[in-house]
Amino acid sequence: GGATAPFDSPSGLQYPPKTADTLKGNLEPVKTEVSGPLVPVLGALPPDLDGQFIRNGPNPYLDRYGRPYHEFEGDAMLHAVDVQAGA
């Protein structure tokens, strides 16, 4: 796959008109929790890098596409990435 525009759906969803930008693209709600290895894209992290990246963001449980929505209203999800020894 190639690069996508910032608000293209990573899941292939066609957004209804008036869908809030905070529900599109990389911010699209995640319906299921997953875990597993990441696929390398480009470059490398320093080998002495250890830690966790955590993103707290909106993730409405109910379908809010095409309706008024603000990211401070409703449900959220913590997205986490663990990094150990740069991997």
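Distance check: Glu28 CD to Thr19 OG1 gives 10.0 Å after rounding to the nearest 0.5 Å. One finds the CZ atom of Phe53 at 12.5 Å from the CG atom of Asp82 (value rounded to the nearest 0.5 Å). To the nearest 0.5 angstrom, His79 atom NE2 is 9.0 Å from Asn26 atom CG. Residue Asn59 holds its CG atom at 9.0 Å from CG of Leu23, rounded to the nearest 0.5 Å.
Residue Ile54 is not grouped with residue Val83 when hydrophobic side chains (ILVMFWY) are merged at heavy-atom distances under 4.5 angstrom, including chains of intermediate members.
Heavy atoms of other residues, nucleotides or ligands lying less than 6.0 angstrom from CD of Gln52 number more than 12.
The side-chain heavy atoms of Leu78 and Asn56, taken from C-beta on, include a pair separated by under 4.5 Å.
The shortest non-hydrogen separation linking Gly25 to Tyr15 is N-OH, 2.8 Å.
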